[in-house]
Structure formats: structure tokens, C-alpha cells
Amino acid sequence: MQCLRTPLSDLSVLERQRTRAEWQQQGQEQSDYHPYDADFCMQNLLPVETSFRALHSCSGGGANENHGNVHGSNDCFSNAWPDIVSSMHCPVVGAAASVEETSVNASSSSSSRKRKSENTRRSKENSGGSDGKDDSNCKRIKEETGGGAAPPEAKRPNKRKEESADASKENDKAPKSDYIHVRARRGQATDSHSLAERVRRERISQRMKYLQDLVPGCSKITGKAGMLDEIINYVQSLQRQVEFLSMKLAAVNPMMDINIDSFFGGREINPTCKSGIIPMIGMSSELLDQSYLQFGSLQHDMFMDSLDLLLRPNVNPPAAVSDTSLGSCLNVNGSSVWNTNLQNVYGVEFQLGRGTALPFQSLQGNLLPNNLKMEM
Amino acid sequence: MTISNGDGDSAAKDGRRERKRKRRAEPSLVKWKTEGEQKTYSSKLIEALRRVRRSSATGAASAATDHSRSRAVREAADRALAAAARGRTRWSRAILCGRTLKRRVLPRAGRPKPVGPARAAERSKPPALKTKARVLGRLVPGCRKLPLPSLLEEVSDYIAALEMQIRAMSVIAEALSAVGGAPSPAQTEGPM
């Protein structure tokens, strides 16, 4: 079959070889066409190809898959090939475009199922946890038809580059979004597994989007793996914070005054507590500082670093504290959680310690318990 | 994010199908942000703290090391948080019923290899997503063997709850330390 290779500018040697193998297996009479070789078949197939494409673009059917898969990986689709190829070759002999369409469409549904199962298996092998089975397969096919970069599977022969380079022009005509949509529709029609998978993937992506809003700093990250990393880091930092705060509470606990519960729950304020709080909240920064030193440098996340940043300069030169330093610290954190924490912690102190209306007074707003606010 | 496959049509269909399949509404995370919820939690937490203090006071004071005390406080805080969740989420239920069970179950000899569908290729190269999902499942209490979509839901609720917990605890710590600092104003007032 050496002569096959020479005139080929398009569709494949490999396809030929494959089909030949299939035919020999199945013992179809069409193997008789092989001696005619490439030239005959190729000449007839090229127009077939273009007509296929035209058909595909207007029908948007699963025949598109066939076309895409022609440039796809060889091995898995080998099972699906006989249907398509036989259907393609009958019309080659007959040279009737309409026959091609119907035969392709007829076989495509049956072959699509097989191909899908092959797809999923292969994508699991190769993609290794990419977005989705269908998607990864689509992407792979597009990569190849995009032509340039080294194909992910090293086993592909170099001839594929030529084919894909040529095929890329044609395949680009078929819009990629339609490709996915088409698959979805057909998948829904035939395969309950792919339907379930699609639903599952949709759900996952919905939840990931939701989490993206929840976790600060995730808007730039695309891709599930990176998002999961961020989420993991965030949950770990939150848990570490809880640990730290619980340690602080445990240290402070023995000194706890019973009247504390008047601060919360909107009950009446104990006047003694009120007078006790006002001068003392000004000391809170010192206490926090001491407690921070006491518990050591357990925490290295943003929260404690920012606390440190704010504590040191603010405690010693209280007059020199400007809005800018706090503002910059608050901006550094860049997340609402830290902002609320910091405002809770420091806004109170500044309000009482200075008695001036500072900008973060308004920021605090509803963050502090009502009773504390009233005391200011 | 470029994760979602299709637009409009298939997504809508899937959404409808999904709703038909399971009529469970997504738990709203707004409740963790409300001030009322924080106050409720704070009062619950203070009660728990008082209990912890009493229990540590009645017990041997020497036995109550800093570490054990902080652990007790932390567990009380988590249990209060789980109670505030009203048991609608998996992690809250796990915290409420599982605190003692977890310690016994922990020394498990060797993880049984997860039997996936008959795909040998998948086992040879576990997708990074799966391992990360497992790590995440270990972080959130009670969500170890959860599949990814429900895990993500639990995680979002857990994150919101944790944030509220941190806010409340910092406020309480602030207030407590302020009141606790009352007897010694002289030293601290110097540098100011």
C-alpha cells in the first residue's frame, strides 16, 4: 500500500489502512476496491469530504462527529469506522451525494454511541481529570485540527500533522460551540450515561461558580483544579483562624465576667459594663498584641499578618496613625472577611481612643453588636 | 470561568431535568451573613464558653492545660456552629453526632482502594481533581466520601458558616479581653 501514501494530501493513509484492516476482518467485498488504490478512492473521496462538510454544516448532525473523528485518534475509533467507512465508500462507488448523507446519518447514531464510549474511555486515559469527557475529547480533536502543537498522544504518527493542518481549515468551518451542542442533543437522545454526566458536570460548574464568589481572590482562576486548590487553602486558613481564636478565648476565659452576656442579644446594657468597656476597649489593641505574642507565631496567614501590621504601628505612635495605613492594610487583605474582622477589632478602639469621627466608623456600620455601638 | 459547556439551551434543559430529578433547593448562604444569625451564634457560644469554664474550674485546674482548654473551646464553638446550622447540612450533622465517633474511627488500617467503574486506565492515573476533592472532603467534617457536586455544596455552606464563626469569635474575644483588661489599665496606658 505504498502507493497510497504518495498522493495523499488529505484524509489519510491511516484511514485507508484501517479500513483495509477492518474490511479484511469482516471480509467485505469492498476490499476489492483496494487494488484500485488511493488514486481512485482519494479522488472520489475528496469531493465526498467537501460535500460531507457542507452537509455537516447545514445538518449539524452527528456526521460532524464523524468528520471530526476522522482526524481524531485512530485506535478507539476503529470499531466505529466500519460503519462510517463502509457508508462512505458505497457512495464513492455510486457517487451520489444524497446517499452519503443519509447513510452517514443513519450510521452516525449507532456509531456515535460506540464512539462516545470509546471517547469516554480514552479521555479518561489521556486527559487525566480535565473538564469533562466529551469536552476533553472535543478539545483534543480541536487541538489536532488546530494542527500546530504537538498532539497530546505521542503515538500519533507525524503524518497526522499534515492531515490535521489541512483538515484544520475545513474543520474550523464547523463552529465549535455547535459541536458541543450537537453532541449534547444527540447524547440526550441516545445515551443516558452521557446525559447523566452532562447534568453532573453542569451541577459541578454551577457550584464552582458559586464558590468562586465565596472564596476571595478566585475570580482570576479558571479551571477546576486551581479553584479546588484555592478552596482548600481558604478552608484551611479559616480553620486555623478558628483555632487561634479559640485559643485566645480559652486564655481569656477564666477572667470572663458574667455580665458579658449583656453585650449580645440586644438585652439592656449594664451601666457598669458600659463604663467599664469604654476605657478598656482602648486597651484592646495592647491586649491583642500581648495575646498574639503569648500564643506565638502560630498563624502565618493573612489575618495575623495584618493584625501584626496594624498593631505595631498603631500602638506606639497612636497620634501618627493615619487612615492611609489602615486603608492600605485593609486593601492588602482585599476581602470582606478580613475587613470585617479588622474593623471590628480596630474601629472600636479608634473611635473610643480618639473620639473623632473616622471614616471607618461608617464602614463598621452594622458589623458590631448594637450595644457596643451605642456605647460609642 | 470557562468550565461550563454550553449556553442557554442545554443548560436550561439540564436545569429543568435536574430540578425534576431532585427537588432539593440549594441551601441559601445568606443566612450566615445576617447579623441576627451572628448574634444568635454569639449567645450560644457564650453559653458554651461559660460551661467550659465551669467544667474546667470544677475539674483539676492543673489538668486544664492551655491546649486542652483551647481544644474544648474550639469544640464548643464548632458544636454551637453546627447547632446554628440546624442540621440541614452534612457537616453540621457530622459535627453534632460525630465528635466522639471520629476519634474512635480515625485509626483505620489502610484505605480500601476505591473501586471505580471497569476502567483500568483510570486507576493507573488518578485524576488530580479526584485527589483534591478527597483532600477537601477530609477538611470538611463528615464529607469524606462525598461525590464532587454535593461536596462543593457542603463546602460552600461550611465556608460561610466558618466566616460567621470567625466574625463572632473575634468580637467575643475582643470584648472579653477588653473587660478582662480592666483590672490593669496602668501598665497599658503608658505607651498610649
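Nothing here was measured: the structure is a model prediction, and the numbers come from that model.
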Would you give the length of the straight line joining atom [atom1] of [X] to atom [atom2] of [Y], rounded to the nearest 0.5 angstrom?
X       : Y       : atom1 : atom2 : answer
L148(B) : R200(A) : CG    : CZ    : 6.5 Å
F244(A) : S70(B)  : CZ    : OG    : 11.5 Å
K248(A) : I172(B) : NZ    : CD1   : 11.0 Å
L249(A) : E174(B) : CG    : CD    : 11.0 Å
S156(B) : L211(A) : OG    : CG    : 5.0 Å
Y210(A) : D157(B) : OH    : CG    : 9.0 Å

Check your understanding: Relative to chain B, which segment of I232(A) carries a heavy atom at a distance below 4.5 Å: side chain, backbone, both, or neither?
Key -> both
Study note, to complete from the structure: Applying a strict 4.5 Å limit to non-hydrogen atoms, the region of A77(B) in contact with chain A is neither
Kindly say whether [Y] contributes a backbone atom to a donor-acceptor pair with the side chain of [X] at under 3.5 angstrom?
X       : Y       : result
E243(A) : R71(B)  : no
R74(B)  : S246(A) : no
R207(A) : P149(B) : yes

Nearest heavy atoms of [X] and [Y], plus distance in Å:
X       : Y       : answer
M169(B) : V242(A) : CE-O, 3.9 Å
M208(A) : L152(B) : SD-CD1, 3.5 Å
V235(A) : L162(B) : O-CD1, 4.4 Å
R69(B)  : A250(A) : NH1-O, 3.2 Å
L139(B) : Q239(A) : O-NE2, 3.1 Å

Check your understanding: Do E163(B) and Y234(A) come close enough that some side-chain heavy atom pair is under 4.5 Å?
Key -> yes
Point to revise | Heavy-atom side-chain contact between I159(B) and I231(A) under 4.5 Å | key: yes
Check your understanding: Can you name the residues that form a side chain to side chain donor-acceptor pair (under 3.5 Å) with E154(B), not counting sequence neighbours?
Key -> none
